[in-house]
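Before any comments, here is the structure.
Keep in mind it's a predicted model, so treat the numbers as computed, not measured.
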Amino acid sequence: LFGCEMFDVNDAGTIKKHELALIVNAMNNVASWFGDPAVTPEEVDALCENVFLESKDGVVVNYGEVVHQIVEDPAFRTFLAGQGSVHYG
């Protein structure tokens, strides 16, 4: 949640799709920089699309309510398990 809170400058508890993509891509890139396998950009995009499918307007979500959806996403679970298919750098 910390990454989401950094983008929540008005303390509304919400995040936009492009902000979620920035957070997940940053985590992915840092892990890869340290030598861990990363997920593909397409997998990150799919994760973000899946999270926002159920949003009311497709623009913002309450990150506290969707964090379970994020951590259960197959791409995120692959990332957490260190089983990504790509290495950067």
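Applying the 4.5 Å side-chain rule to ILVMFWY residues, one finds that L53 remains a lone member of its cluster.
Residue pairs meeting the side-chain hydrogen bond (donor to acceptor under 3.5 Å, both in side chains) criterion with at least one member in residues 7-17, sequence neighbours excluded: D8-Y63, K17-E49. Evaluation of the ring-ring contact (aromatic ring centres under 6.0 Å, His included) test over residues 21-57, restricted to residues two or more places apart or in two chains, returns none.
No continuous path of ILVMFWY side-chain contacts below 4.5 Å connects V59 to V9, so the two sit in separate hydrophobic clusters. A single hydrophobic cluster is seen to contain both I15 and V67, as judged by linkage of ILVMFWY side chains at heavy-atom distances under 4.5 Å, directly or through other members.
Looking at residues two or more places apart in sequence or on another chain, you find a side-chain contact (heavy atoms from CB on, under 4.5 Å) between V66 and V51, V61, Q69, I70. Take F76 and apply the ring pair (Phe, Tyr, Trp, His ring centres under 6.0 Å) test, not counting sequence neighbours, and it matches F79. Scored by the side-chain contact (heavy atoms from CB on, under 4.5 Å) test, T40 finds E42, E43, S85, V86 as partners (sequence neighbours excluded). Remark: E5 engages no residue in a salt bridge (Lys or Arg N to Asp or Glu O under 4.0 Å) (not counting sequence neighbours).
Screening V24, D73, I23 against V44 for a side-chain contact (heavy atoms from CB on, under 4.5 Å) leaves a single residue, V24.
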### Message
Between F7 and L22, is the side-chain contact (heavy atoms from CB on, under 4.5 Å) condition met? List the steps.
### Response
CA-CA 10 Å; F7 283 91; L22 287 171; 4.0 Å; yes

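Between the side chain of D45 and the backbone N or O of C48 there is no donor-acceptor pair closer than 3.5 Å. Judged by distance alone, with hydrogens and angles left aside, the side-chain atoms of S32 form no donor-acceptor pair with the main-chain N or O of N28 at under 3.5 Å. Between the side chain of N29 and the backbone N or O of N25, at least one donor-acceptor pair lies under 3.5 Å.
Residues V39 and A75 come closest through the heavy atom pair CG1-O, 3.5 Å.
M27 contributes atom CE, which lies 11.5 Å from atom CG of D36 (distance to the nearest 0.5 angstrom).
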